[in-house]
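Both backbone and side-chain heavy atoms feed into the values below; hydrogens, waters and symmetry mates do not. Numbers here simply count residues along the sequence, with the first being 1.
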Amino acid sequence: MSQKITKSPQARKYILIENQRLRVAAYCRVSTRHEEQCHSLEAQIAYYTDYIKRNPNWKFVAVYSDIASGIRAANRPGYKQLLKDCAKGKIDLILVKSLSRFGRDALETIRQVRKLKRMNIGIYIETGGLNTLDISDSIIDQLAVLNQAESHFRSENIKFGIRHRMRSGKAMLNHTQFLGYTKGPDGVLQIVPEEAEIVRKIFDLYVQGNGVRKIKRYLEKHGIKTVTGKSEWSTSTIDRMLSNEKYIGEVRMQKTFTADFLTGRREKNIGQLDSYLVENAHEPIIGREIFELVQRMKRNIKSKQMS
(Lines give C-alpha, C1' and ligand atoms only; values in the text may rest on other atoms or scores of the structure.)
Protein backbone atom coordinates (compact mmCIF):
# COMPACT_ATOMS: atom_id res chain seq x y z
CA MET A 1 0.00 0.00 0.00
CA SER A 2 1.49 3.37 -1.02
CA GLN A 3 2.02 5.96 1.67
CA LYS A 4 -0.02 9.18 1.68
CA ILE A 5 1.88 12.22 2.91
CA THR A 6 -0.02 15.43 3.69
CA LYS A 7 1.87 18.60 4.42
CA SER A 8 0.43 21.00 7.02
CA PRO A 9 1.36 24.68 7.08
CA GLN A 10 3.95 25.48 9.70
CA ALA A 11 2.42 27.09 12.79
CA ARG A 12 4.20 30.29 13.70
CA LYS A 13 5.35 30.24 17.31
CA TYR A 14 4.41 33.83 18.03
CA ILE A 15 0.79 33.18 16.98
CA LEU A 16 0.27 30.29 19.35
CA ILE A 17 -0.47 30.83 22.99
CA GLU A 18 0.56 28.06 25.36
CA ASN A 19 -2.04 25.27 25.56
CA GLN A 20 -4.24 27.06 22.98
CA ARG A 21 -4.93 25.68 19.54
CA LEU A 22 -4.63 27.75 16.38
CA ARG A 23 -8.06 28.86 15.10
CA VAL A 24 -8.14 27.89 11.44
CA ALA A 25 -10.60 28.62 8.62
CA ALA A 26 -10.54 28.06 4.87
CA TYR A 27 -11.90 29.94 1.87
CA CYS A 28 -12.84 28.45 -1.47
CA ARG A 29 -14.66 29.80 -4.49
CA VAL A 30 -15.92 28.70 -7.89
CA SER A 31 -17.01 31.08 -10.62
CA THR A 32 -20.23 29.52 -11.93
CA ARG A 33 -23.15 27.31 -10.96
CA HIS A 34 -22.29 24.72 -13.60
CA GLU A 35 -22.81 21.24 -12.21
CA GLU A 36 -19.13 20.23 -12.30
CA GLN A 37 -18.06 23.43 -10.50
CA CYS A 38 -20.73 22.95 -7.81
CA HIS A 39 -19.43 19.41 -7.25
CA SER A 40 -15.90 20.82 -7.08
CA LEU A 41 -16.97 23.33 -4.42
CA GLU A 42 -18.63 20.60 -2.34
CA ALA A 43 -15.46 18.53 -2.58
CA GLN A 44 -13.29 21.49 -1.51
CA ILE A 45 -15.51 22.24 1.50
CA ALA A 46 -15.39 18.59 2.59
CA TYR A 47 -11.61 18.46 2.06
CA TYR A 48 -10.85 21.58 4.11
CA THR A 49 -13.27 20.61 6.89
CA ASP A 50 -11.61 17.21 7.31
CA TYR A 51 -8.10 18.63 6.80
CA ILE A 52 -8.47 21.19 9.58
CA LYS A 53 -10.29 18.92 12.04
CA ARG A 54 -7.64 16.19 11.72
CA ASN A 55 -4.89 18.50 12.97
CA PRO A 56 -4.75 18.28 16.80
CA ASN A 57 -3.07 21.70 17.02
CA TRP A 58 -5.91 23.41 15.16
CA LYS A 59 -9.40 24.46 16.13
CA PHE A 60 -11.88 24.37 13.23
CA VAL A 61 -13.67 27.69 12.68
CA ALA A 62 -15.47 27.38 9.33
CA VAL A 63 -15.05 26.89 5.60
CA TYR A 64 -16.23 30.07 3.88
CA SER A 65 -17.27 29.69 0.26
CA ASP A 66 -18.82 31.51 -2.67
CA ILE A 67 -20.21 30.75 -6.12
CA ALA A 68 -19.25 34.00 -7.80
CA SER A 69 -16.70 35.73 -9.95
CA GLY A 70 -13.63 37.00 -8.14
CA ILE A 71 -14.22 40.51 -9.46
CA ARG A 72 -16.42 42.16 -6.85
CA ALA A 73 -16.24 41.43 -3.12
CA ALA A 74 -19.81 42.77 -2.77
CA ASN A 75 -21.10 39.71 -4.65
CA ARG A 76 -19.28 37.27 -2.37
CA PRO A 77 -21.10 36.91 0.98
CA GLY A 78 -18.78 34.13 2.15
CA TYR A 79 -15.71 36.28 1.55
CA LYS A 80 -17.27 39.26 3.34
CA GLN A 81 -18.20 37.10 6.33
CA LEU A 82 -14.65 35.74 6.47
CA LEU A 83 -13.23 39.27 6.68
CA LYS A 84 -15.80 40.25 9.32
CA ASP A 85 -14.88 37.26 11.49
CA CYS A 86 -11.19 38.10 11.08
CA ALA A 87 -11.89 41.65 12.26
CA LYS A 88 -13.69 40.20 15.31
CA GLY A 89 -10.57 38.21 16.22
CA LYS A 90 -12.10 34.78 15.56
CA ILE A 91 -9.43 33.49 13.16
CA ASP A 92 -5.64 33.02 13.27
CA LEU A 93 -5.00 31.29 9.92
CA ILE A 94 -6.83 31.05 6.58
CA LEU A 95 -6.22 28.22 4.12
CA VAL A 96 -6.66 28.84 0.39
CA LYS A 97 -5.71 26.84 -2.68
CA SER A 98 -4.23 29.92 -4.37
CA LEU A 99 -4.22 33.67 -3.80
CA SER A 100 -6.44 34.10 -6.86
CA ARG A 101 -9.33 32.65 -4.81
CA PHE A 102 -9.32 35.93 -2.87
CA GLY A 103 -10.04 37.85 -6.06
CA ARG A 104 -8.85 38.87 -9.51
CA ASP A 105 -7.94 42.45 -8.66
CA ALA A 106 -4.31 42.53 -7.53
CA LEU A 107 -4.65 45.86 -5.70
CA GLU A 108 -7.69 44.68 -3.72
CA THR A 109 -5.97 41.39 -2.87
CA ILE A 110 -2.80 43.17 -1.71
CA ARG A 111 -4.84 45.56 0.43
CA GLN A 112 -6.72 42.74 2.18
CA VAL A 113 -3.66 40.52 2.68
CA ARG A 114 -1.70 43.39 4.25
CA LYS A 115 -4.66 44.28 6.45
CA LEU A 116 -4.89 40.70 7.71
CA LYS A 117 -1.14 40.60 8.21
CA ARG A 118 -1.35 43.67 10.46
CA MET A 119 -3.90 41.74 12.55
CA ASN A 120 -1.40 38.85 12.74
CA ILE A 121 -3.66 36.64 10.60
CA GLY A 122 -1.85 34.50 8.08
CA ILE A 123 -3.06 33.14 4.75
CA TYR A 124 -1.61 29.76 3.90
CA ILE A 125 -1.42 29.36 0.10
CA GLU A 126 -1.41 25.65 -0.72
CA THR A 127 -0.02 26.23 -4.22
CA GLY A 128 3.53 27.04 -3.21
CA GLY A 129 3.17 26.24 0.49
CA LEU A 130 3.50 29.88 1.57
CA ASN A 131 2.24 31.62 4.69
CA THR A 132 1.77 35.36 4.15
CA LEU A 133 3.08 36.01 7.66
CA ASP A 134 6.39 34.46 6.65
CA ILE A 135 7.01 36.41 3.44
CA SER A 136 7.68 40.06 2.71
CA ASP A 137 5.11 42.52 1.38
CA SER A 138 7.02 42.75 -1.88
CA ILE A 139 6.65 39.00 -2.47
CA ILE A 140 2.94 39.22 -1.64
CA ASP A 141 2.61 42.05 -4.16
CA GLN A 142 4.34 39.98 -6.84
CA LEU A 143 2.14 36.96 -6.12
CA ALA A 144 -1.03 39.07 -6.39
CA VAL A 145 0.09 40.62 -9.68
CA LEU A 146 1.02 37.20 -11.09
CA ASN A 147 -2.35 35.80 -10.02
CA GLN A 148 -4.16 38.68 -11.75
CA ALA A 149 -2.16 38.09 -14.92
CA GLU A 150 -2.88 34.34 -14.74
CA SER A 151 -6.62 35.00 -14.30
CA HIS A 152 -6.57 37.39 -17.26
CA PHE A 153 -4.72 34.85 -19.40
CA ARG A 154 -7.19 32.13 -18.41
CA SER A 155 -10.12 34.44 -19.18
CA GLU A 156 -8.73 35.22 -22.64
CA ASN A 157 -8.23 31.50 -23.34
CA ILE A 158 -11.85 30.82 -22.36
CA LYS A 159 -13.03 33.66 -24.64
CA PHE A 160 -10.94 32.25 -27.48
CA GLY A 161 -12.56 28.85 -27.02
CA ILE A 162 -16.06 30.34 -26.90
CA ARG A 163 -15.48 32.40 -30.05
CA HIS A 164 -14.08 29.35 -31.84
CA ARG A 165 -17.30 27.51 -30.95
CA MET A 166 -19.31 30.47 -32.26
CA ARG A 167 -17.47 30.42 -35.60
CA SER A 168 -18.25 26.71 -35.80
CA GLY A 169 -21.94 27.46 -35.25
CA LYS A 170 -22.08 25.82 -31.81
CA ALA A 171 -24.42 27.90 -29.65
CA MET A 172 -23.81 28.32 -25.92
CA LEU A 173 -27.07 29.13 -24.21
CA ASN A 174 -28.33 29.68 -20.70
CA HIS A 175 -31.50 27.58 -20.85
CA THR A 176 -32.22 27.57 -17.12
CA GLN A 177 -34.00 30.93 -17.24
CA PHE A 178 -35.30 30.84 -20.79
CA LEU A 179 -39.08 30.61 -21.00
CA GLY A 180 -40.28 28.11 -23.58
CA TYR A 181 -37.22 25.86 -23.84
CA THR A 182 -35.09 23.42 -21.94
CA LYS A 183 -31.83 21.74 -22.90
CA GLY A 184 -32.17 18.33 -24.51
CA PRO A 185 -29.79 15.37 -24.00
CA ASP A 186 -27.95 16.32 -27.20
CA GLY A 187 -27.46 19.90 -25.99
CA VAL A 188 -30.03 21.32 -28.42
CA LEU A 189 -32.92 23.41 -27.07
CA GLN A 190 -36.19 21.54 -26.75
CA ILE A 191 -39.63 23.11 -26.44
CA VAL A 192 -41.46 22.97 -23.09
CA PRO A 193 -45.09 22.86 -24.32
CA GLU A 194 -46.80 24.65 -21.40
CA GLU A 195 -44.17 27.42 -21.41
CA ALA A 196 -44.34 27.72 -25.21
CA GLU A 197 -48.06 28.51 -24.90
CA ILE A 198 -47.21 31.50 -22.67
CA VAL A 199 -44.67 32.73 -25.25
CA ARG A 200 -47.23 32.45 -28.05
CA LYS A 201 -49.82 34.27 -25.93
CA ILE A 202 -47.42 37.17 -25.34
CA PHE A 203 -46.75 37.53 -29.08
CA ASP A 204 -50.49 37.24 -29.88
CA LEU A 205 -51.38 39.94 -27.34
CA TYR A 206 -48.78 42.28 -28.82
CA VAL A 207 -50.01 41.73 -32.40
CA GLN A 208 -53.52 42.53 -31.17
CA GLY A 209 -52.28 45.97 -30.13
CA ASN A 210 -51.46 45.40 -26.46
CA GLY A 211 -48.31 47.12 -25.22
CA VAL A 212 -45.94 45.49 -22.74
CA ARG A 213 -47.71 47.10 -19.74
CA LYS A 214 -51.07 45.65 -20.81
CA ILE A 215 -49.45 42.28 -21.42
CA LYS A 216 -47.91 42.42 -17.94
CA ARG A 217 -51.34 43.10 -16.39
CA TYR A 218 -52.90 40.27 -18.39
CA LEU A 219 -50.29 37.72 -17.30
CA GLU A 220 -50.51 38.72 -13.63
CA LYS A 221 -54.31 38.82 -13.66
CA HIS A 222 -54.47 35.28 -15.04
CA GLY A 223 -51.91 33.95 -12.54
CA ILE A 224 -49.29 33.13 -15.18
CA LYS A 225 -45.85 32.80 -13.56
CA THR A 226 -42.47 33.89 -14.91
CA VAL A 227 -39.80 31.36 -15.82
CA THR A 228 -38.40 31.70 -12.29
CA GLY A 229 -41.81 31.15 -10.71
CA LYS A 230 -42.55 34.76 -9.78
CA SER A 231 -46.08 36.20 -9.91
CA GLU A 232 -44.92 39.67 -10.96
CA TRP A 233 -43.67 40.25 -14.49
CA SER A 234 -41.15 42.84 -15.64
CA THR A 235 -42.07 44.95 -18.67
CA SER A 236 -38.41 44.87 -19.75
CA THR A 237 -38.46 41.06 -19.69
CA ILE A 238 -41.58 40.99 -21.90
CA ASP A 239 -40.01 43.53 -24.26
CA ARG A 240 -36.83 41.43 -24.61
CA MET A 241 -38.88 38.29 -25.24
CA LEU A 242 -40.66 40.03 -28.12
CA SER A 243 -37.29 40.64 -29.81
CA ASN A 244 -35.61 37.33 -28.97
CA GLU A 245 -34.65 35.61 -32.23
CA LYS A 246 -34.37 32.26 -30.43
CA TYR A 247 -38.16 31.97 -30.58
CA ILE A 248 -37.92 31.53 -34.38
CA GLY A 249 -35.19 28.90 -34.06
CA GLU A 250 -32.21 31.20 -34.56
CA VAL A 251 -29.34 32.13 -32.27
CA ARG A 252 -27.46 35.42 -32.51
CA MET A 253 -24.18 34.97 -30.66
CA GLN A 254 -21.96 37.64 -29.10
CA LYS A 255 -24.64 40.32 -28.87
CA THR A 256 -22.73 41.63 -25.86
CA PHE A 257 -19.15 41.23 -24.66
CA THR A 258 -17.02 41.84 -21.56
CA ALA A 259 -15.31 45.18 -22.11
CA ASP A 260 -13.34 45.23 -18.84
CA PHE A 261 -11.74 42.11 -17.36
CA LEU A 262 -11.48 43.45 -13.80
CA THR A 263 -14.90 45.07 -13.43
CA GLY A 264 -16.78 42.57 -15.58
CA ARG A 265 -18.47 45.48 -17.38
CA ARG A 266 -20.38 44.32 -20.44
CA GLU A 267 -21.19 46.36 -23.53
CA LYS A 268 -23.58 45.92 -26.43
CA ASN A 269 -21.78 44.67 -29.52
CA ILE A 270 -22.47 47.24 -32.23
CA GLY A 271 -19.61 46.20 -34.47
CA GLN A 272 -16.64 46.09 -32.10
CA LEU A 273 -16.51 42.29 -32.48
CA ASP A 274 -17.86 39.78 -34.96
CA SER A 275 -21.32 38.39 -34.24
CA TYR A 276 -22.66 35.10 -35.52
CA LEU A 277 -26.18 34.06 -36.56
CA VAL A 278 -27.04 30.36 -36.46
CA GLU A 279 -30.20 29.57 -38.42
CA ASN A 280 -32.34 26.47 -37.78
CA ALA A 281 -30.52 25.97 -34.50
CA HIS A 282 -33.58 24.43 -32.83
CA GLU A 283 -37.35 24.07 -33.22
CA PRO A 284 -39.13 27.46 -33.32
CA ILE A 285 -42.03 28.47 -31.11
CA ILE A 286 -43.06 31.56 -33.12
CA GLY A 287 -43.51 31.72 -36.88
CA ARG A 288 -41.17 34.05 -38.78
CA GLU A 289 -44.01 36.14 -40.20
CA ILE A 290 -45.43 36.86 -36.74
CA PHE A 291 -41.96 37.62 -35.37
CA GLU A 292 -41.10 40.05 -38.17
CA LEU A 293 -44.52 41.72 -37.81
CA VAL A 294 -43.81 42.30 -34.12
CA GLN A 295 -40.39 43.79 -34.94
CA ARG A 296 -41.98 46.21 -37.44
CA MET A 297 -44.61 47.22 -34.88
CA LYS A 298 -41.88 47.84 -32.29
CA ARG A 299 -39.84 49.95 -34.72
CA ASN A 300 -42.93 52.01 -35.62
CA ILE A 301 -43.68 52.71 -31.97
CA LYS A 302 -40.05 53.69 -31.34
CA SER A 303 -39.94 56.06 -34.33
CA LYS A 304 -43.18 57.75 -33.20
CA GLN A 305 -41.75 58.23 -29.71
CA MET A 306 -38.61 59.83 -31.17
CA SER A 307 -40.46 62.17 -33.54
Side-chain angles (χ1 to χ4, degrees), residues 6-31 40-148 150-151 262-264:
T6 304
K7 181 182 178 182
S8 295
Q10 183 180 11
R12 292 178 60 85
K13 293 180 180 178
Y14 63 79
I15 296 179
L16 287 168
I17 301 172
E18 190 176 357
N19 298 323
Q20 184 172 320
R21 293 183 296 166
L22 201 67
R23 297 165 301 175
V24 181
Y27 178 72
C28 45
R29 175 180 63 80
V30 294
S31 300
S40 171
L41 185 63
E42 290 173 5
Q44 289 179 60
I45 293 170
Y47 163 76
Y48 280 120
T49 300
D50 178 66
Y51 183 50
I52 296 170
K53 287 184 175 180
R54 280 192 294 107
N55 191 319
N57 296 318
W58 290 353
K59 180 180 179 181
F60 176 76
V61 178
V63 177
Y64 302 83
S65 64
D66 287 304
I67 302 176
S69 164
I71 297 169
R72 300 183 187 89
N75 296 334
R76 292 190 281 153
Y79 178 71
K80 291 196 294 182
Q81 188 60 52
L82 168 65
L83 297 180
K84 285 180 182 177
D85 288 347
C86 285
K88 291 176 182 177
K90 295 182 178 181
I91 297 168
D92 299 313
L93 182 67
I94 304 165
L95 309 183
V96 294
K97 184 178 180 181
S98 68
L99 204 54
S100 63
R101 295 300 84 194
F102 256 49
R104 290 184 184 179
D105 189 336
L107 291 176
E108 170 64 16
T109 300
I110 290 167
R111 187 177 71 84
Q112 289 297 348
V113 171
R114 287 185 176 182
K115 184 177 179 180
L116 292 170
K117 194 172 183 179
R118 287 195 297 271
M119 291 189 285
N120 210 26
I121 299 171
I123 301 171
Y124 180 76
I125 306 163
E126 283 196 286
T127 305
L130 298 172
N131 188 326
T132 55
L133 291 178
D134 293 328
I135 56 180
S136 67
D137 285 349
S138 62
I139 293 177
I140 292 171
D141 296 353
Q142 291 174 45
L143 283 173
V145 170
L146 286 171
N147 276 312
Q148 178 177 313
E150 182 186 349
S151 293
L262 284 178
T263 64

Mind checking what makes salt bridge (charged side-chain N to carboxylate O under 4.0 Å, His left out) contact with Lys90, not counting sequence neighbours?
Asp85

Closest heavy-atom contact between [X] and [Y]?
X: Gly122; Y: Asn131; value: CA-OD1, 3.6 Å
X: Leu41; Y: Ile67; value: CD2-CG1, 3.5 Å
X: Tyr48; Y: Ala26; value: CG-CB, 3.5 Å
X: Ile52; Y: Trp58; value: CA-CE3, 3.7 Å

Residues in side-chain contact (heavy atoms from CB on, under 4.5 Å) with Lys84, at least two apart?
Gln81

Could you tell me which residues satisfy side-chain contact (heavy atoms from CB on, under 4.5 Å) with Glu42, sequence neighbours excluded, listed by chain and number?
His39

How long is the gap from [atom1] on [X] to [atom2] on [Y], to the nearest 0.5 Å?
X: Glu126; Y: Tyr51; atom1: CD; atom2: OH; value: 6.0 Å
X: Leu95; Y: Ile125; atom1: CG; atom2: CD1; value: 11.0 Å
X: Leu82; Y: Ser65; atom1: CG; atom2: OG; value: 11.0 Å
X: Ile121; Y: Leu83; atom1: CD1; atom2: CG; value: 9.0 Å

Taking side chain as C-beta onward, heavy atoms only, is Arg23 less than 4.5 Å from Asp92?
yes

Measuring only between side-chain heavy atoms, which start at C-beta, is Asn57 closer than 4.5 Å to Leu22?
no

Assess whether side-chain contact (heavy atoms from CB on, under 4.5 Å) is satisfied between Leu133 and Leu93, documenting all intermediate values.
CA-CA 10 Å; Leu133 291 178; Leu93 182 67; 6.0 Å; no

side-chain hydrogen bond (donor to acceptor under 3.5 Å, both in side chains) with Tyr27: which residues, sequence neighbours excluded?
Asp66, Arg76

Once side-chain hydrogen bond (donor to acceptor under 3.5 Å, both in side chains) is applied, do any residues pair with Ser40, and if so which ones, sequence neighbours excluded?
Gln44

Evaluation steps, side-chain contact (heavy atoms from CB on, under 4.5 Å), between Thr132 and Leu116:
CA-CA 9 Å; Thr132 55; Leu116 292 170; over 6 Å; no

